[in-house]
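Taking it in order: structure first as structure tokens, then the write-up.
Within every chain, numbering begins at 1; the chains are lettered A, B, ... in the order of the sequence lines, protein sequences first and strands thereafter. Just so it is clear, the model here is predicted, and its values are computed rather than measured.
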Number of protein chains: 2
Amino acid sequence: MSNDACHCVLLRKATRKVSSYYDEALAPLGVNIGQFSMLRNIRRTEPVSLTDLAHRLDLDRSTVGRNAKVLARMELVEIGHGEDQREAVLTIAPKGHEVLEKGAPLWDGVQDEIDARLGAGKARQLQELLAAL
Amino acid sequence: MSNDACHCVLLRKATRKVSSYYDEALAPLGVNIGQFSMLRNIRRTEPVSLTDLAHRLDLDRSTVGRNAKVLARMELVEIGHGEDQREAVLTIAPKGHEVLEKGAPLWDGVQDEIDARLGAGKARQLQELLAAL
DNA sequence: AAGACAAGCGGGCATATGCCCGCTTGTTCA
DNA sequence: TGAACAAGCGGGCATATGCCCGCTTGTCTT
């Protein structure tokens with residue numbers, strides 16, 4: 001009872017579930033929602049350092065670094081050096097752009113499905129509530 | 001922009017954030033919100049099999065098994081055998097009950113904080129929206 | 001009763017996440 | 001200029017999660 005009302009547990013459950021929707025849709029491209037989202041974020045301000053990206057994604061820097069390494073291995077991003085020799089900067093590789101293009105409609109599809117299931121108004125509410133947390 | 005409107009990414013972000021609230025509050029007890037939640041769930045129907053618990057938690061069975069092992073190592077739960085020799089059944093150990101008792105008020109505190117920040121009505125809305133996903 | 005089929009697990013493989021420690025590179029101040 | 005101090009990372013440690021394969025134990029059908 002009290003458990004079912006736990007914001008955290010419900011959030012975790014919902015996140016796993018919703019993530020799997022996106023993951024399924026993106027599966028043909030070989031990337032999951034986390035990777036796809038990261039690609040999008042990199043594209044927005046490439047070249048971008050791990051630290052900056054981590055700030056924007058609200059993730060630990062080390063997490064971003066490791067995830068970036070996975071994307072690099074898949075040849076979706078390139079990890080280079082900035083002027084500052086300490087900085088590792090990320091840029092989208094050709095294959096990465098391909099994934100971004102092919103993934104956009106798939107991603108939109110899931111998004112639309114969820115909006116439809118929830119109703120546009122409710123979807124907006126959800127966004128606001130999540131942002132307020 | 002489109003990224004900020006992504007249900008999934010927002011959910012993931014919110015989950016990480018909210019989880020950390022609970023984790024901080026429970027830190028003195030040495031357990032995180034996932035473990036605490038699992039303890040509560042076990043207590044509700046102990047003894048319970050890994051498979052049953054996995055269904056209830058909406059988690060993969062293997063995940064539950066591994067998490068249970070961690071709890072067992074911490075001496076918070078006991079892993080035994082059911083009549084069916086295949087089944088591994090979980091029960092709360094004495095230390096587990098202790099954690100459950102001491103954790104309840106801490107958990108309530110976070111819950112209340114969130115309710116307060118969101119407003120009771122909004123909190124309820126959030127619950128409903130999450131359930132609808 | 002024997003063989004087919006199903007249930008319940010453990011462990012391997014891969015990713016995701018956070019925290020902390022230590023190394024390298026930059027910057028700043030005396 | 002040389003010595004603190006700060007920034008940016010990588011890698012180690014631990015947990016979390018899902019999927020798949022293979023082993024053991026039960027059940028069911030012929």
Side-chain angles (χ1 to χ4, degrees), chain A residues 8-9 11-24 26-27 30-39 41 47-55 57-74 76-77 79-90, chain B residues 8-9 11-24 26-27 30-39 41 47-55 57-74 76-77 79-90:
Chain A
C8 184
V9 172
L11 263 174
R12 291 161 72 97
K13 252 190 218 183
T15 297
R16 285 193 298 267
K17 197 169 170 185
V18 173
S19 288
S20 75
Y21 293 159
Y22 287 87
D23 286 348
E24 272 176 48
L26 295 172
V31 297
N32 60 36
I33 181 61
Q35 297 170 327
F36 188 69
S37 157
M38 188 158 153
L39 277 180
N41 266 282
V48 61
S49 75
L50 296 186
T51 299
D52 287 346
L53 191 57
H55 278 307
L57 293 174
D58 262 319
L59 283 176
D60 190 86
R61 186 192 44 67
S62 65
T63 297
V64 172
R66 281 169 303 206
N67 293 356
K69 208 171 286 178
V70 174
L71 291 177
R73 204 185 314 147
M74 300 168 89
L76 301 181
V77 308
I79 304 181
H81 289 287
E83 297 174 28
D84 187 327
Q85 286 303 306
R86 294 171 299 181
E87 252 182 11
V89 295
L90 305 177
Chain B
C8 185
V9 172
L11 263 173
R12 290 162 72 97
K13 248 189 223 182
T15 297
R16 285 193 299 267
K17 197 169 171 186
V18 173
S19 288
S20 76
Y21 294 160
Y22 287 87
D23 285 349
E24 272 176 49
L26 294 172
V31 297
N32 61 36
I33 181 61
Q35 298 169 326
F36 189 69
S37 156
M38 188 158 152
L39 277 180
N41 266 281
V48 60
S49 76
L50 296 185
T51 299
D52 288 345
L53 191 56
H55 278 307
L57 293 173
D58 263 317
L59 284 175
D60 190 85
R61 185 191 45 66
S62 66
T63 298
V64 172
R66 280 168 304 205
N67 293 357
K69 207 173 287 179
V70 175
L71 290 178
R73 202 186 316 145
M74 300 168 90
L76 301 182
V77 307
I79 305 181
H81 289 286
E83 297 174 28
D84 187 327
Q85 285 304 303
R86 293 171 300 181
E87 252 182 12
V89 296
L90 305 177

Closest to side chain of B:Leu50, choosing from D:dC9, C:dT17, C:dG10: C:dG10

A:Lys13 NZ - D:dA16 P separation (whole Å): 17 Å

Qualifying residue for side chain to side chain contact (heavy atoms under 4.5 Å, CB included) with A:Met38, from A:Val31, A:Val64, A:Ile33, A:Val77: A:Val64

Residue-phosphate contact under 4.0 Å: A:Thr63 side-chain N/O, C:dA16 OP1/OP2: no

Heavy-atom donor-acceptor pair, A:Arg66 side chain to A:Ser62 backbone, under 3.5 Å: yes

Short side-chain N/O contact from B:Asn67 to OP1 or OP2 of D:dT17, under 4.0 Å: yes

Side-chain N or O of A:Lys69 closer than 4.0 Å to phosphate OP1/OP2 of D:dG11: yes

Side-chain heavy atoms of A:Leu11 within contact of B:Leu11, under 4.5 Å: yes

Partner of A:Ser49 under side chain to side chain contact (heavy atoms under 4.5 Å, CB included), chosen from A:His55, A:Glu87, A:Arg61: A:Glu87

Integer-rounded Å distance: D:dG8 C1' and A:Asp60 CG: 13 Å

Proximal nucleotide (of D:dT17, D:dA16, C:dG26) relative to the A:Asp84 side chain: C:dG26

Between C1' of C:dG8 and NE2 of B:His81, the distance in whole Å: 12 Å

Student check: side-chain heavy atoms of B:Asn32 and B:Leu26 closer than 4.5 Å: no

Closest-nucleotide 5' rank along DNA chain D - winner of B:Met74 and B:Gln85: B:Met74

Rounded distance in Å - CG (B:Leu26) to C1' (D:dT15): 15 Å

Distance below 4.0 Å between A:Arg86 side-chain N/O and D:dA6 OP1 or OP2: no

Separation of atom NZ in B:Lys17 from atom C1' in C:dG18, rounded to whole Å: 17 Å

Base C:dC9 to side chain B:Ser62, donor-acceptor N/O within 3.5 Å cut-off: no

Short side-chain N/O contact from A:Arg73 to OP1 or OP2 of C:dT15, under 4.0 Å: yes

Atom-pair distance (CG on B:Asn32; C1' on D:dA16), nearest Å: 9 Å

Phosphate-side-chain proximity, A:Ser49 and D:dG8, N/O vs OP1/OP2 below 4.0 Å: no

N/O (side chain, B:Thr51) to phosphate O (OP1/OP2, C:dA7) under 4.0 Å: no

Gap between atoms CZ and P, on A:Arg66 and D:dC13 respectively (whole Å): 13 Å

Residue whose nearest DNA chain C nucleotide is more 5′ - A:Glu83 or A:Gln35: A:Gln35

Atom-to-atom span, CZ of B:Arg61 to P of C:dG10 - whole angstrom: 7 Å

